[in-house]
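Note sheet for the following structure.
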Amino acid sequence: MAVARDLVGASLIADPGSPDEVRARIVEVEAYLGEDDPASHAHRGPTPRSSIMFGPPGHLYVYLSYGVHHCANVVCGADGTAAAVLLRAAVVDSGAVVVRARRATPAGDDGLLSGPGNLCRGLAITAADNGLDLCSGGRIRLERSPDVPVLSVGPRVGISRAADLPLRFWWTGHPAVSGRLPTP
DNA sequence: CGCAGGATTTGCT
DNA sequence: GCAAATCCTGCGG
């Protein structure tokens, strides 16, 4: 959860050095815990899919949602402890042309990576990137934020269990935050 | 081996 | 605002 706060404002670099390089800053995340969190895929202990969350931190955990969209997580617990942070939204810093070509959407630059599935599509993250090490210069790289953005905290979205836990963090007032705010 | 459900997005009623 | 699209994973028989 402390890691989740640090991830907001961090830079995500896809395909570094290639003509398709894309840089984006994370503006919205959700923390998922381990076996104590009913909403986490690690809730029922290690499985072939969730085992990556029990591994060492700094790795990418990608899964397919509703058979249509990919979602990217950053494993952040110690080796043996399941914990991950879902990347929900980011804002394109450079490479917007590449992202727009992949997204094919009329949305403005702020909305190109808004939403977990859209973020993965824009950065070309697929199941093939599952288990990737974000710290050792792989296809996807992560850089810590030089500054500390102002954060807001709220309940998680899109899940049916334990949705009331305040484990969602977003860049306060940022236009790229996905519009799904808690329904009052 | 078969079945039910899900950390979503998009388009139409 | 609601329902469909679509496939992999986990669980039961």
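In what follows, chains carry the letters A, B, and so on, assigned in the order in which the sequence lines appear, proteins first and then strands, with residues in each chain numbered from 1. This is a predicted model, so every value here is computed, not measured.
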Hey, which sits more toward the 5' end of DNA chain B by its nearest nucleotide, A/His69 or A/Leu64? A/Leu64
Separation of B/dA7 P from A/Glu28 CD (nearest whole Å): 16 Å
From CG of A/Asn118 across to P of B/dG11 the rounded distance in Å is 11 Å
One should read off an interatomic distance between A/Arg23 CZ and A/Glu143 CD, to the nearest 0.5 angstrom, of 7.0 Å
Every protein N/O within reach of nucleotides 11-13 of chain C N/O, cut-off under 3.5 Å:
unit_1, atom_1, unit_2, atom_2, d
C/dC11, OP1, A/Arg44, NE, 3.2

Give one of base, sugar-phosphate or nothing for A/Asn73, where a contact means two heavy atoms less than 4.0 Å apart. base
Run the side-chain contact (heavy atoms from CB on, under 4.5 Å) test on A/His70 and A/Ile125 for me, step by step, so that the C-alpha distance in whole Å, both residues' side-chain angles and the decisive distance to 0.1 Å come before the verdict. CA-CA 7 Å; A/His70 291 279; A/Ile125 296 175; 5.6 Å; no
What integer distance in Å separates A/Arg49:CZ from C/dC8:P? 12 Å
Under 5.5 Å centre to centre and under 30° between planes: does that hold for A/Tyr66 and the six-membered base ring of B/dG6? yes
Side-chain donor/acceptor of A/Asp129 to backbone N/O of A/Thr126, under 3.5 Å: yes
Rounded to whole Å, the CZ-P distance (A/Arg168 to B/dT8) equals 10 Å
Looking at C/dT9, I'd like to know if its phosphate oxygens (OP1 or OP2) sit under 4.0 Å from a side-chain N or O belonging to A/His41. no
Under 4.0 angstrom, heavy atoms only, what part of the nucleic acid is A/Arg121 near: base, sugar-phosphate, or nothing? sugar-phosphate
Can you check side-chain contact (heavy atoms from CB on, under 4.5 Å) on A/Ile140 and A/Leu134, steps first, answer last? CA-CA 6 Å; A/Ile140 311 290; A/Leu134 293 168; 3.7 Å; yes
Once you apply the 3.5 Å cut-off to both distances, tell me the Watson-Crick or G-U wobble partner of C/dA5, or none. B/dT8
Could you check how far OH of A/Tyr61 sits from P of C/dC8, rounded to whole Å? 14 Å
Is the aromatic ring centre of A/Tyr32 closer than 5.5 Å to the centre of the six-membered base ring of B/dA7, with the two planes inclined by less than 30°? yes
Measure from CD1 on A/Ile52 to P on C/dT9 and round the result to the nearest Å. 14 Å
Carboxylate-amine/guanidinium proximity below 4.0 Å for A/Glu30 and A/Arg156: no
Does A/Arg103 have a side-chain nitrogen or oxygen under 4.0 Å from the phosphate oxygens OP1 or OP2 of B/dT10? yes
Report yes if the side chains of A/Thr172 and A/Ser152 come closer than 4.5 Å at any heavy-atom pair, otherwise no. yes
Report which part of the nucleic acid A/Leu86 touches: base, sugar-phosphate, or nothing (heavy-atom distance under 4.0 Å, all strands). base
Distance in angstrom units between A/Asp37 CG and B/dA7 P, rounded: 10 Å
Rounded to the nearest 0.5 Å, what's the gap from NE2 on A/His41 to OH on A/Tyr61? Could you check? 5.0 Å
Here the gap from A/Arg88 atom CZ to A/Asn118 atom CG, rounded to the nearest 0.5 Å, amounts to 10.5 Å
Considering only heavy side-chain atoms of A/Val68, the closest of B/dT10, B/dA7, C/dA5 is C/dA5
Nearest-neighbour nucleotide for the A/Ser40 side chain, B/dT10, C/dG10, B/dA7 considered: B/dA7
Could you state the atom-to-atom distance from NE2 of A/His43 to C1' of C/dG10 in whole Å? 13 Å
